[in-house]
Novice: 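Before anything else, here's the structure in question.
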Number of protein chains: 2
Amino acid sequence: MISNIAELIADRIGTMPASERRAAQTLIASYPMIGLKTVAEFSAAAGVSSPTILRFVARLGFQNYPEFQSSLQDELAAQLQSPATRTLNPPSPGGGTVSPMLEATLDNMRETFRHLSDKQLADIAARLADRRGKTFLIGGRFTDPLARYMAAHLAVIQPDVFHLAGQESMWRDRLIDMGKRDVLVIFDIRRYQDSLVRFAEKAHQRGVQIVLFTDQWLSPIARFARHVIAGRTAVPSAWDSSAALFVVAETLIGAVTRQLEAEGAKRIREMESLR
Amino acid sequence: MISNIAELIADRIGTMPASERRAAQTLIASYPMIGLKTVAEFSAAAGVSSPTILRFVARLGFQNYPEFQSSLQDELAAQLQSPATRTLNPPSPGGGTVSPMLEATLDNMRETFRHLSDKQLADIAARLADRRGKTFLIGGRFTDPLARYMAAHLAVIQPDVFHLAGQESMWRDRLIDMGKRDVLVIFDIRRYQDSLVRFAEKAHQRGVQIVLFTDQWLSPIARFARHVIAGRTAVPSAWDSSAALFVVAETLIGAVTRQLEAEGAKRIREMESLR
DNA sequence: CAAAATACGTAACATACGATACAGCGCTCC
DNA sequence: GGAGCGCTGTATCGTATGTTACGTATTTTG
């Protein structure tokens, strides 16, 4: 049963020619506002001609453009009157595949942040913003992208940020550059990697401050860590979700950015001018 | 400070003549839908003549009727995009000071999935699970980690998954391996990277099916993409958040895993035994 | 590889829409 | 009670908008 236009589009987008598909995608991207504007504006936004928009609308089963718009408006009106139904994409009747996943992920985030105090985040952010030392980041098999992501952002606002990539022997040797004033950010969730544990231990012995992103069962690295962030990772799936940790990482990036606002802004301007 | 048209009307309704007041009340009664319809419909609903509607609109300070409508639409769009401003989000139970960052991120996810149907995700998952071709993944400056993350997971459950890393010249040459049966997953959010656009175009010309992860403003690559996922990226910060896209990526990984359950399980067992 | 079919845009067209001019009506204030 | 003013609707006009016809480009099929 198809109850709204968005679903209708999703249902038929597969049978559409390229240009009409572009129209469909443009509409979905800012649903449903573009559809309330004129054909000319719609076509310009989608980068196609007006007849294509009209053909697209006709393919959806409408007699003409105004009828299509009325339908969108009715839908909007219904939606506005009962905000409760705003959980659009109705709880997919039957074998709902998406919702449980998303729900679990959102729960994970709420739960993760519930166990995370503002103070803790502020402390870590202050540590990362403290520019007397260097910042190293590293992750495990599936979490290394998180380390990269964080490194990419931190590197924009401050110098001396290094992502440790490549083979174990490569980054193991970087230990020699690390000291008391430096920070090592490690991402490690189940199954915890021995190589990372060993690396963390060595770094710890050299006095490096370790910030650990892990799951709720805590990687053994927690022993050596100055700060531990335990994220929820459980989702209805065979593997673990890193989404909560990702959001914590973004939150930290935001906090650090704010602390370094002054110099950060200057830095960003400089970078722009280097392009 | 008057921020929306409803307030504006409430402010001036006292100074209006009878008929215009009727227009105002009619609009408020089913705000803002009537205002999006034609002057004729509006006037009929209010039981006044069309010139009265136009005078009413003029009195609110608009030059003409279309301008008034655009203003209403903008307002509506803003409202739809930040559900937080609607009082339906229980202000974080427990009264803890949750960072606005987290709130924005959660909103982004809800909003992103609101524009994303199960069908769409299922289609993309089916495409990715279809093992007649290869899967390539690539991302931009800040989104490449997402490509890596997805690649790492997909590679566990199926062969022929390649993350395109390193210098542009490196992955550009990989084009020669790509054909009609292959899928290219691209992550590209503002500021869109020229190199990626060029790459996507070339791949498209070779018949490669492109799955694009982008922001709500749509990377130019959308032109060439078979499937477009538009995630919300706005957070109270200087940069854009990729969290919503991350979650979509995880959801897709989950869907693909489920589709390949049978062979996937076998594959994972094999891998385990290789350790 | 040729031929047919489909997709797409340009440009001309018709109409429905917003805008305006004007006249009638009621109200207020000398 | 009459003159003036403001409010409102009817009728008309110009135009922006949706629509359609047609030619070219592209893809598909035999």
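Hydrogens, waters and symmetry mates play no part in the numbers below; they use all other heavy atoms, side chains included. First the proteins, then the strands, lettered A, B, ... as listed; each starts at 1.
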Novice: With a 3.5 Å cut-off and no angle check, do the side chains of B:R226 and B:H204 form a donor-acceptor pair?
Specialist: no

Novice: Only one of B:T214, B:L212, B:V197 passes side-chain contact (heavy atoms from CB on, under 4.5 Å) with B:I186; say which it is.
Specialist: B:L212

Novice: Provide the full list of ring-ring contact (aromatic ring centres under 6.0 Å, His included) pairs with a residue in residues 121-142 of chain B, sequence neighbours left out, each pair given once.
Specialist: A:H153-B:F142, B:F136-B:F162

Novice: Among B:V57, B:N4, B:I5, which residue satisfies the side-chain contact (heavy atoms from CB on, under 4.5 Å) criterion with B:S71?
Specialist: B:I5

Novice: At less than 4.0 Å, is any side-chain N or O atom of B:T52 found next to OP1 or OP2 of D:dG9? Yes or no.
Specialist: yes

Novice: Of all residues at least two apart in sequence or in a different chain, which pass the side-chain contact (heavy atoms from CB on, under 4.5 Å) check with B:L54?
Specialist: B:V39, B:Y65

Novice: Rounded to whole Å, please give me the gap between CD1 in B:I53 and P in D:dC7.
Specialist: 16 Å

Novice: How sharply is the helix from C:dC1-D:dG30 to C:dC30-D:dG1 bent, taking the axes over five pairs at either end and rounding to 10 degrees?
Specialist: 30°

Novice: Count the heavy atoms of every other residue, nucleotide or ligand shown that sit under 6.0 Å from CD of B:Q63, and state whether that count exceeds 12.
Specialist: no

Novice: First and last nucleotide of DNA chain C touching chain B, 5' to 3', heavy-atom cut-off 4.0 Å?
Specialist: C:dC17 to C:dT20

Novice: Mind checking side-chain contact (heavy atoms from CB on, under 4.5 Å) for B:A147 and listing every partner two or more places apart, or none if nothing turns up?
Specialist: B:L137, B:D144, B:H163, B:F187

Novice: Does B:R59 pair with B:E20 as a salt bridge, N-O distance under 4.0 Å?
Specialist: yes

Novice: Enumerate the residues from residues 199-207 of chain B whose closest heavy atom to DNA chain C is under 4.0 Å, giving them by residue number; use none for an empty result.
Specialist: none

Novice: Strictly under 3.5 Å: I want the nitrogen or oxygen pairs between protein and nucleotides 14-20 of chain D, one per line.
Specialist:
from	atom 1	to	atom 2	distance (Å)
D:dG18	OP1	A:V39	N	3.3
D:dG18	OP2	A:V39	N	2.9
D:dT19	OP1	A:Y65	N	3.3
D:dT19	OP2	A:Y65	N	3.0

Novice: Taking only Lys NZ, Arg NE, NH1 and NH2, and the carboxylate oxygens of Asp or Glu, determine whether B:E201 and B:R223 approach each other closer than 4.0 Å.
Specialist: no

Novice: Check whether the side chains of B:E250 and A:S241 place a donor and an acceptor atom closer than 3.5 Å, and report yes or no.
Specialist: yes

Novice: Who are the side chain to side chain donor-acceptor pair (under 3.5 Å) partners of A:Q73, not counting sequence neighbours?
Specialist: B:K37

Novice: Could you tell me whether the side chains of B:D215 and B:Y192 share a donor-acceptor contact shorter than 3.5 Å?
Specialist: yes

Novice: Not counting sequence neighbours, which residues clear side chain to side chain donor-acceptor pair (under 3.5 Å) with B:T38? List them please.
Specialist: B:E41

Novice: Applying salt bridge (Lys or Arg N to Asp or Glu O under 4.0 Å), name anything that partners B:R22, two or more places apart in sequence or on another chain.
Specialist: none

Novice: What string of B, S and - do you get for nucleotides 24-30 of chain D, 5' to 3', if B is base contact, S is sugar-phosphate-only contact and - is no contact with any protein heavy atom under 4.0 Å?
Specialist: -------

Novice: Residues two or more places apart in sequence or in another chain: which of them pass side chain to side chain donor-acceptor pair (under 3.5 Å) with B:R181?
Specialist: none

